[in-house]
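Worksheet: one structure, shown below.
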Number of protein chains: 2
Amino acid sequence: MLDQKIIEQLEALAGKENVLTSKADMVAYSYDATADMPNQTPDVVVLPTSSEMVQQIVNLARENKISIYPRGAGTNLSGGTIPLKKGIVLSFQKMNQILEIDAANLTARVQPGVVINALNSAVAEHGLIYPPDPGTVATATMGGSAAENSGGLRGLKYGVTKNYIMGMEVVLANGDKVRFGGKTVKNVTAYDFSNLFVGSEGTLGIITELTAKLIPAPKYRRTMMGIFKTIADAGNAVAGIIAAQVIPATLEIMDQMTIKTVEDFAKIGLPTDAKALLLIEVDGNSEDVVVNEAEAVMKVVTENNGDLQAANTDQERDQLWTARRNALPALASLNNTVVLEDATVPRSHITDMLVACEEIGKKYDLTLGTFGHAGDGNLHPTILCDKYDEDEISRVHKAVDEIFKAALNYGGTLSGEHGIGIAKMKYLEDELGKSGTNLMRNIKLSLDPENVLNPGKMVPMQEV
Amino acid sequence: MLDQKIIEQLEALAGKENVLTSKADMVAYSYDATADMPNQTPDVVVLPTSSEMVQQIVNLARENKISIYPRGAGTNLSGGTIPLKKGIVLSFQKMNQILEIDAANLTARVQPGVVINALNSAVAEHGLIYPPDPGTVATATMGGSAAENSGGLRGLKYGVTKNYIMGMEVVLANGDKVRFGGKTVKNVTAYDFSNLFVGSEGTLGIITELTAKLIPAPKYRRTMMGIFKTIADAGNAVAGIIAAQVIPATLEIMDQMTIKTVEDFAKIGLPTDAKALLLIEVDGNSEDVVVNEAEAVMKVVTENNGDLQAANTDQERDQLWTARRNALPALASLNNTVVLEDATVPRSHITDMLVACEEIGKKYDLTLGTFGHAGDGNLHPTILCDKYDEDEISRVHKAVDEIFKAALNYGGTLSGEHGIGIAKMKYLEDELGKSGTNLMRNIKLSLDPENVLNPGKMVPMQEV
């Protein structure tokens, strides 16, 4: 428990209305969207309203050796916002202003609490979009998605969050406020701090402002579904589309387990005997190019023994997307716990990895469905299980171990977009080696020597 | 002078043929492509042939407190490779193998000494390109350009070096070898080390292998020149092209001083009464789109009172490019010293910055021409001077101070693509503040506590 004096100091510097201490509030901030994680209530939740206030809170916390957990909307998927060692949750819901939209320079300056969709609504009237689109765009914040380097469905063509953060203001563990980057497309002044803090999961500093890159919204799109009798056909179609030098905005895959579950859940007429579906969308600013790309994609699907379903209207597009949008909720409805992984492999190993996931699911007698972003090799093997069934959970853990082993064997990575957080710390050395985890710890300690910022996440603090 | 024992140890671990000590060799490694810098010969030059050899050299150097300067082709433009504190230059000319071209995953794995153009030649047969194109592609190396985060003429559409480095092997100052990143498009495992080492100018680690991203080579292009009577018209045309949602592959500007000098030098019929030229190239994989974009560009040029010259053949394209290619050599021919800056502003301030450069040149009675990458706000104000004329050099220094002040006033940055090196250290705090320079030093010290790697560059080592 925090000393009442600390709470009073927090109230004095942040205002009583911005300091939460009720039991109900503490429970609400004790978890995030990750399954199979420890829950832990914080001592207090503070809702800062300025970067100066964040500096004061950080100074107070550091001087009193209290842990701080920066938090956006808590939609993250590796346990990154859980207040493991109690202390202060800093929730950015009140720093939610869009400070500037600069259409001439294609940039926006925002506070960290701005919801991704809110930014997209605001820039739409300039004909612009902010492309990163994690599944949670309707609730996830710019600060949280920057800290996690969120990916999403458009990663193949448009890249991920780090490709769209041009500058930042960050409060460091020593209380300093640093601004870097900005509106220039090129900038080699200093180390690339923006990319260091993006994806650092709140362990290196607290983001208090962001300069984001915008792009013109694509004017045309075509959406289609490929239906395949084998996983290999679907995997070959993915490779074939890239080989045809078409880069779709979206190139999503679903395995049979996912197809069946979505169909049971949403009754939208999916072919439940199919072994795999691809959902493909091409877009751009020239109708001719988009049409040509769609035709090239359809040719590849057919050549790889796929049946085609193309959307001719917005309504038909929505129907095709319903399948993909329902993948996670449908799977989640099957049991009380959804273990959602994001093992990622080079694109050429998509088929191998899908087959490996299916085999691992069978081996451990688990309900395992895989869907994900086939175009960038970012798969979501998803295990449905009962967290009260100890035997099953132990099989889940073994299966997850094997999934990551397989991903690394195929030249892949532990996490394509969900981050390390608590969930994947134990695998980190398998990918980075001792020298790599030591390098992480060195950098962490140079910025946060007392381990005040989001302790217990991402960085193994024991020397190996 | 280094102890002869150290030279013998280097010969023992690297082979006599890979250790240079002659006076002539030391002079050859005492400078880079930057004007107005101190020259300093190293004690010894070592040409490593493996990352293990690099580890051994680093360990020997650290234990004996000898400085190490990693070096590619030495084409850098901020003094970054000058062996300021003597010691060992590590030249990567013998680690020049392309290890793998993986067309399915659009990646190449290379040693740091591979010349950029050599990689492009090798991937051309797969229909691919490595887009970053600093002016020195024919000699600059992949390792050097990664360490400097080189930009170039295609930055606006295709981005800079950091956008194309997906993974690395790096030898750290403690002798550890670390591998991170790889062939996956998405990767959020660990901090973003690739982007930390890219642009770190050899101060954090020594790059011994790179995984680079490739893209399909664009099939079509159109090239044209806009000739303007005022700088404002040219600046407005740049803004107008972006506002028309065309992103040219190249959008280069030249002021009157540069136009006149190039014409005197190359006699290619440039309009010497023009106040500014824009060289514009659009490219892509659809001829229709490229033609449409070219038409949109030409419309914008005309609307902004520009005269047009379009290339209808490859030969005519080469003629247009001759002007841009000759900008630097032409200016350089005017006097014995070329001070080439790269102050960078948000695109919307291009006109302001061009005017400011012109006025600063007049104020200090200097021969100052400006050319550069208008599309991304990255300008090269270039001062031709006589390094033996003390009075002139002192005016040059004052002019450069004012150029950077102007760039920062317009929301710009000290360096768009040349780096900080020795040349811009004194301005760093103006952009980053004390807290930012302290952050740089903290990171530097956490990775290289004894300041062995490229000392005296980029990072102010005195606490401020």
Side-chain angles (χ1 to χ4, degrees), chain A residues 104-105 149 151 155-156 160 162 172 176-178 180 182-193 195-196 198-200 216 239 245 285-286 288-289 292 344-348 376-378 411-420 428 431-433 435-436 438-440 442-443 445-447, chain B residues 104-105 149 151 155-156 160 162 172 176-178 180 182-193 195-196 198-200 216 239 245 285-286 288-289 292 344-348 376-378 411-420 428 431-433 435-436 438-440 442-443 445-447:
Chain A
N105 288 308
N149 190 13
L156 173 59
V160 296
K162 74 174 179 178
L172 302 177
D176 277 359
K177 187 162 72 174
V178 195
F180 43 80
K183 291 183 185 178
T184 63
V185 178
K186 288 178 178 170
N187 183 330
V188 293
T189 301
Y191 299 139
D192 187 353
F193 291 138
N195 274 310
L196 182 61
V198 169
S200 67
Q245 305 203 335
N285 282 313
S286 152
D288 288 349
V289 173
N292 287 344
T344 300
V345 292
R347 192 185 299 123
S348 60
D376 46 36
N378 179 204
T413 182
L414 295 173
S415 178
E417 58 185 18
H418 292 173
I420 299 301
L428 206 54
E431 181 166 342
L432 291 177
S435 54
N438 285 338
L439 175 58
M440 284 190 74
N442 275 347
I443 291 174
L445 287 174
S446 71
L447 270 74
Chain B
N105 288 308
N149 189 15
L156 173 60
V160 297
K162 75 174 179 180
L172 302 176
D176 277 0
K177 188 161 71 174
V178 195
F180 43 80
K183 291 183 185 178
T184 63
V185 178
K186 288 178 178 170
N187 183 330
V188 293
T189 301
Y191 299 140
D192 186 352
F193 291 137
N195 274 311
L196 182 61
V198 169
S200 68
Q245 304 204 335
N285 282 312
S286 152
D288 289 350
V289 173
N292 287 343
T344 300
V345 292
R347 192 186 298 122
S348 61
D376 46 36
N378 179 202
T413 181
L414 296 173
S415 178
E417 57 184 18
H418 293 173
I420 299 301
L428 206 54
E431 181 166 342
L432 290 177
S435 55
N438 286 337
L439 175 58
M440 284 190 74
N442 274 347
I443 290 174
L445 286 173
S446 71
L447 269 74

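Computed from a predicted structure; not experimentally measured. So you know, we letter chains A, B, ... as the sequences are listed, proteins then strands, and number each from 1.
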Worksheet item: After noting the C-alpha distance and the side-chain angles of A:N195 and B:V198, does the key distance pass the side-chain contact (heavy atoms from CB on, under 4.5 Å) rule?
Response: CA-CA 11 Å; A:N195 274 310; B:V198 169; over 6 Å; no
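In this model, a donor atom of one side chain and an acceptor atom of the other lie less than 3.5 Å apart for B:T189 and A:T413. Counted by atom type alone, A:N105 and B:S348 present one or more donor-acceptor pairs between their side chains at under 3.5 Å.
Looking at B:L172, the atoms closer than 4.5 Å to chain A (heavy atoms on both sides) all sit in the side chain, from C-beta outward. Residue contact with chain A, scored on non-hydrogen atoms closer than 4.5 Å, involves the side chain of B:L428 exclusively. Interface remark: A:N149 contributes backbone and side-chain atoms alike to the contact with chain B (heavy atom separation under 4.5 Å). No part of A:A239 comes within reach of chain B, as not one of its non-hydrogen atoms sits under 4.5 angstrom from that chain. With a threshold of 4.5 angstrom between heavy atoms, B:K177 approaches chain A through N, CA, C or O but not through any side-chain atom. Heavy-atom distances place both the backbone and the side chain of A:L414 under 4.5 Å from chain B. In this structure, the portion of B:V160 lying under 4.5 Å from any heavy atom of chain A is its side chain and not its backbone. With a 4.5 angstrom heavy-atom cutoff, A:L447 touches chain B only via side-chain atoms. Residue contact with chain A, scored on non-hydrogen atoms closer than 4.5 Å, involves the backbone and the side chain of B:N442 alike.
Counting heavy atoms from C-beta outward, B:F193 and A:I443 have side chains that approach closer than 4.5 Å. Side-chain atoms of A:V188 and B:H418, non-hydrogen and from C-beta on, never get closer than 4.5 Å to each other. The closest side-chain heavy-atom distance from B:N187 to A:E431 is below 4.5 Å. Contact check for B:N285 versus A:V289: no side-chain heavy atoms found under the 4.5 Å cut-off.
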